[in-house]
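The structure appears below as structure tokens.
Excluded from the calculations below are hydrogen atoms, water molecules and symmetry mates; all remaining heavy atoms, backbone and side chain alike, are included. Lettering of chains follows the sequences in order, A, B, ..., and the numbering in each one begins at 1.
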Amino acid sequence: MVGELLWIWRRMIENGIEPNLFTYNFMMDVLVNSMCIESAERVFDVMEKGIVRPDVVTYNIMIKGYCKSGKTRDAKGKLREMEMKRVGPDKITYLTLIQACYSEEDIASCMSLFNEMVEKRLEIPSHAYSLVISGLVKEGKCYEGFAIFDCMVKNGCKANVAIHTALIDALAKSGNGEEAMKFFERMKDEGCEPDDVTYGVIVNCLCKTGKLDLALEYLKFGHEKNIRVNAVVYSSIIDGLGKGGRVDEAEKLYEEMLDKGCTPDSYCYNTLIDAFTKCGKIDEAVTLFKRMEDVGCDQTVYTYTILINGLFKEHKTDKALEMWDMMIDKGITPTPASFRALSIGLCLSGKVARACKVLDELASMGVIPETAFEDMIHVLCKAGHVKEACELADGIVDRDHETPGRVRTVLIDALRKAGNVDLALKLMQSQIGIQYDRWGSIKTRDKFRNLFES
DNA sequence: TTAGGGTTAG
């Protein structure tokens with residue numbers, strides 16, 4: 001398409017036909033949609049130097065191009081350029097930019113762009129409200145989200161199903177389950193028809209607040225009313241059932257899901273695997289893990305974390321380590337939570353050194369789980385392996401991972417939380433771990449493990 | 001001629 005267009009374009013120029021604004025913009029849009037951003041930039045430059053100057057549409061297309069290629073900064077620069085060249089940005093300019101900032105989770109920029117729209121008295125499309133409200137509530141700013149919602153209603157803009165859904169979800173997540181249900185009723189009263197995503201949010205809210213049977217009723221209702229029941233609805237209920245110890249029902253629901261032709265996603269598999277590991281059905285969990293691979297469903301860092309936790313719970317240390325290695329081999333980046341699962345399991349099975357080795361390997365990969373040592377020290381103290389905790393603390397300082405003062409604080413806290421108040425006090429009163437000279441550098445350092453000798 | 005949403009897990 002682009003090649004043919006360029007050919008025609010060249011013929012036009014050769015025959016002395018000067019493209020008009022419409023042709024230029026059309027050309028720019030084709031280039032941008034084909035991700036030929038640099039070519040679009042060149043056309044833009046030609047226009048700027050020629051007779052047919054870029055108008056608001058040309059700018060909007062260029063901004064779209066920058067946003068599509070992740071160059072949000074350039075896109076914002078183009079907006080300022082428009083203002084300098086006195087080409088007034090319109091609602092499409094702002095909406096394109098707000099969308100890009102929203103995708104990058106830069107809600108502060110969404111807000112300031114939105115405010116500019118308000119100041120310029122531009123017509124605000126419902127989608128702009130949608131993005132700003134969703135962005136605010138995602139950041140936990142429920143109150144601010146509702147303020148924009150009220151302002152939207154005042155301006156005569158009707159809230160659509162997405163805005164209502166985002167607000168219901170925000171209420172549910174901030175612990176106002178009842179308010180969420182009230183808002184759901186209000187939405188229906190106002191003639192806004194809930195869709196499958198709204199039901200997903202409602203069902204999830206019910207599951208999280210322990211109203212599982214009500215969630216199951218909604219599922220039944222959905223089937224009766226022929227509402228599309230999506231994988232999220234199933235995952236939420238399967239998770240709720242699993243966490244409530246109703247694993248057989250969770251499994252049945254998974255089968256129902258398959259019967260109804262709803263494809264389980266990785267969330268769904270993970271929740272069911274989690275349910276299996278929690279009730280000791282580790283073999284079933286591993287079977288499901290293998291099935292994910294067979295059906296081409298991505299095994300994520302969550303899948304591995306759940307299984308590593310489950311395998312350690314069943315004292316299958318080698319299998320858990322195998323799972324960890326498999327994850328690394330597949331190029332899946334471990335998260336602090338996944339390392340926590342591994343390190344806790346290893347520490348509790350007496351393999352503290354192995355956990356430290358994995359931690360060093362992670363550091364060489366550039367992955368540093370921030371609370372790793374703290375977690376390990378806490379878990380060792382909690383299990384009564386205080387001597388190992390102290391040895392680990394020494395190891396941490398020896399490897400220059402942390403300062404003696406910081407490790408000392410962590411150890412005191414861990415001892416206190418584990419109920420070992422005597423040792424915590426002893427450590428507080430002693431000089432172990434921290435001996436500084438008068439310039440503030442470490443003079444000599446006593447080992448934490450000496451806590452047992454004095 | 002250009003823009004377009006919200007939900008789920010360790």
Side-chain angles (χ1 to χ4, degrees), chain A residues 20-30 32-33 40 54-65 67-68 75 89-100 102-103 124-135 137-138 145 159-170 172-173 180 187 192 194-205 207-208 215 229-240 242-243 264-275 277-278 300-310 327 334-342 344:
Chain A
N20 62 20
L21 187 58
F22 184 92
T23 358
Y24 267 120
N25 286 345
F26 179 73
M27 182 67 185
M28 286 276 296
D29 197 45
V30 170
V32 160
N33 288 338
D55 73 339
V56 58
V57 177
T58 327
Y59 271 100
N60 288 349
I61 295 169
M62 198 62 244
I63 287 173
K64 174 176 76 170
C67 292
K68 272 172 78 133
D90 63 2
K91 59 178 179 181
I92 297 178
T93 322
Y94 281 102
L95 194 55
T96 311
L97 279 163
I98 292 176
Q99 178 71 63
Y102 179 83
S103 307
I124 300 172
S126 68
H127 187 54
Y129 281 114
S130 215
L131 291 168
V132 169
I133 293 173
S134 305
V137 298
K138 247 189 199 168
N160 58 24
V161 61
I163 295 177
H164 279 112
T165 307
L167 287 170
I168 292 170
D169 186 50
K173 289 223 173 79
M187 165 190 173
C192 185
D195 63 8
D196 62 323
V197 181
T198 321
Y199 281 105
V201 168
I202 294 292
V203 164
N204 185 47
C205 169
C207 291
K208 290 280 183 328
V229 177
N230 63 30
V232 177
V233 172
Y234 279 111
S235 298
S236 298
I237 306 182
I238 289 173
D239 190 48
K243 292 208 165 59
D265 56 10
S266 72
Y267 280 84
C268 190
Y269 278 107
N270 293 345
T271 49
L272 194 55
I273 291 176
D274 190 46
T277 61
K278 293 249 159 59
T300 66
V301 65
Y302 283 85
T303 322
Y304 285 97
T305 309
I306 293 164
L307 274 167
I308 289 169
N309 265 321
M327 179 176 87
T335 56
S338 63
F339 179 73
R340 198 177 306 132
L342 183 83
I344 290 176

| query | Which residue pairs pass the salt bridge (charged side-chain N to carboxylate O under 4.0 Å, His left out) test when at least one of the two sits in residues 124-133 of chain A, sequence neighbours left out? | reply | none
| message | Is there a side-chain contact between A:V229 and A:Y234 in this structure, where contact means two heavy atoms from C-beta onward sitting under 4.5 Å apart? | response | yes
| query | Between A:C67 and A:Q99, is any pair of side-chain heavy atoms under 4.5 Å apart? | reply | no
| request: Answer with yes or no whether the side chains of A:T23 and A:N20 bring together a donor and an acceptor at under 3.5 Å. | output: yes
| query | In chain order, what residues pass the side-chain hydrogen bond (donor to acceptor under 3.5 Å, both in side chains) check against A:T198, with sequence neighbours excluded? | reply | A:T165, A:D195
| request: Please work out if A:N25 contacts a base, only the sugar-phosphate, or nothing of the nucleic acid, heavy-atom cut-off 4.0 Å. | output: base
| task | Please state whether the phosphate of B:dA3, meaning OP1 or OP2, lies under 4.0 angstrom from any side-chain nitrogen or oxygen of A:K64. | result | yes
| message | I'd like to compare against my own output: the B/S/- annotation of nucleotides 4-10 of chain B with a strict under-4.0 Å heavy-atom distance to protein. | response | BBBBBBB
